[in-house]
2 protein chains.
Amino acid sequence: MSRNLKEFAVLKDHLGKHQLKLTRQRERILALFLKTEHVTAEHMYRSLSKRDPHIGLATIYRTLNLFCDAGLAQARHFGAQTQYDNVSHKRHHDHLICTTCGKIVEFENCEIERLQEEVAAKHGFVIQTHKLELYGLCSRCQR
Amino acid sequence: MSRNLKEFAVLKDHLGKHQLKLTRQRERILALFLKTEHVTAEHMYRSLSKRDPHIGLATIYRTLNLFCDAGLAQARHFGAQTQYDNVSHKRHHDHLICTTCGKIVEFENCEIERLQEEVAAKHGFVIQTHKLELYGLCSRCQR
DNA sequence: TGGTTTTTAATACTCAATATCAATTTCTGG
DNA sequence: CCAGAAATTGATATTGAGTATTAAAAACCA
């Protein structure tokens with residue numbers, strides 16, 4: 001738990017700056033969220049319901065969106081659902097996704113990022129964020 | 001209309017290979033689809049309903065997904081809806097998207113594609129497809 | 001601690017997309 | 001060209017993710 005002090009500080013800082021309050025639910029949701037790489041709201045709902053049967057699904061959604069605002073999470077549409085990625089402890093990265101088994105590998109590549117800036121500048125854009133997803137077959141699924 | 005012979009051939013080829021049938025609805029939906037860059041199913045439904053009041057919304061969805069299978073269209077989640085991009089007449093490309101006005105600029109960059117292959121190979125993946133979206137402010141919205 | 005403000009939980013609701021299924025259309029092979 | 005098998009359509013019901021509502025509860029601040 002002590003490892004997560006930094007992330008809780010980030011949350012508190014964000015709450016303080018936006019006249020928001022620290023609640024038991026927000027603490028619990030963050031504690032669970034930090035244990036995962038990426039989750040859906042439904043998945044968190046099922047997990048949290050075991051210990052806290054009265055937790056509301058809407059609260060999960062609200063809180064995960066709050067985490068996005070605070071920079072702790074990042075939403076990503078995958079299929080019909082929204083995956084919330086834990087980005088609190090890592091730098092920006094992109095995804096390699098296996099179309100057969102669903103395996104996800106994270107990567108980052110400065111050279112690609114630099115070229116993105118180049119492309120954007122050529123069209124007069126200023127990049128705020130980006131999404132790069134490579135879909136294919138992982139080594140196991142190629143056989 | 002003669003310009004679209006190639007796309008109709010692609011559709012017929014796909015239908016033939018999958019024991020599917022060529023119907024009046026599929027022809028009409030393709031004819032309209034080829035006139036656009038990107039549409040939603042709802043938007044097509046409203047357009048087609050004017051001439052063909054009995055067209056079913058489910059048919060639009062089914063057919064657009066069929067176009068995706070045939071390689072004529074490509075689905076893209078944007079906000080709450082799914083945009084179907086017309087990719088029949090163009091090479092693969094990626095998107096620059098303005099987060100303020102929604103303007104979309106298409107681009108392609110061989111250098112980025114090459115680096116993607118490199119990254120994938122490093123992780124043992126074989127790429128089937130990819131999605132790269134750069135979000136930011138267009139020149140007009142920067143002011 | 002009391003009072004103001006925010007948050008929660010339960011539920012209703014919205015809306016995109018899919019499932020169902022009887023009636024219709026397309027295609028195939030004789 | 002026609003009949004029968006197979007696929008498709010259209011109308012509607014249903015699903016399911018995510019949001020809106022609101023009374024009650026919790027958090028915060030002086």
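Below, chain A is the first sequence line, B the second, and so on; all start at residue 1.
- Within the 4.0 angstrom heavy-atom criterion, only backbone atoms of the sugar-phosphate kind lie near Leu20(A); the bases stay farther away.
- The distance from atom CG of Asp52(A) to atom P of dA26(D) is 12 Å, rounded to the nearest whole Å.
- Rounded to an integer number of Å, the gap from CD1 of Ile29(A) to C1' of dT7(C) is 11 Å.
- Note: CD (Glu27(A)) to C1' (dT8(C)) measures 15 Å, nearest angstrom.
- Donor-acceptor pairing under 3.5 Å is recorded for the side chains of Thr59(B) and Arg62(B).
- For the pair Thr23(A) and dA27(D), the criterion of a side-chain N or O lying under 4.0 Å from OP1 or OP2 is not met.
- Between dT7(C) and Arg24(A), no contact under 4.0 Å exists linking OP1 or OP2 to a side-chain N or O.
- Nearest nucleotide to the side chain of Asn65(B), out of dT6(C), dT18(C), dA17(D): dT18(C).
- With DNA chain C read from its 5' end, the first of the two nearest nucleotides for Leu22(B) and Gln83(B) is the one closest to Gln83(B).
- Atom-to-atom, CG of Leu15(A) to P of dT5(C) comes out at 19 Å; the value is rounded to the nearest Å.
- Arg46(B) places its CZ atom 12 Å from the P atom of dC15(C), with the value rounded to the nearest Å.
- Phosphate contact (OP1/OP2 of dA17(C), side-chain N/O of Thr82(B), threshold under 4.0 Å): present.
- If you measure from atom CD1 of Ile60(B) to atom P of dG10(D), you get 8 Å, rounded to the nearest angstrom.
- In this model, no side-chain donor or acceptor of Lys21(B) finds a partner on the base of dT25(C) within 3.5 Å.
- Between Tyr61(B) and dT18(C) there is no side-chain N or O to OP1 or OP2 distance below 4.0 Å.
- Relative to the side chain of Ala58(B), the nucleotides dT12(D), dA10(C), dT9(D) differ in distance, and dT12(D) lies closest.
- In summary, the aromatic rings of Tyr84(A) and Phe33(A) are positioned with their centroids too far apart to meet the 6.0 Å limit.
- Under 4.0 Å is where a charged nitrogen must lie from a carboxylate oxygen, and between Asp52(A) and Arg28(A) at least one such pair does.
- As a whole-Å value, the separation of Arg26(B) CZ from dT9(D) C1' is 9 Å.
- Between the side chains of His18(B) and Asp69(B), no donor-acceptor pair is found at a separation under 3.5 Å.
- Between Gln25(B) and dT26(C), a side-chain N or O to OP1/OP2 separation shorter than 4.0 Å is absent.
- Checking the phosphate oxygens (OP1, OP2) of dT26(C), no side-chain nitrogen or oxygen of Gln19(B) falls inside 4.0 Å.
- The distance between atom CG of Leu57(B) and atom P of dC15(C), rounded to the nearest whole Å, is 14 Å.
- Scanning both residues, Val105(A) and His123(B), for their nearest heavy atoms gives CG1-CD2, 3.4 Å.
- Ion pairing between a basic and an acidic side chain is recognised when a charged N comes within 4.0 Å of a carboxylate O; Arg24(A) and Glu27(A) show no such pairing.
- Which of dT8(C), dA20(D), dT9(D) sits closest to the side chain of Arg62(B) comes down to dT9(D).
- Phosphate proximity of dA10(C) to His54(A): present, with a side-chain N or O under 4.0 Å from OP1 or OP2.
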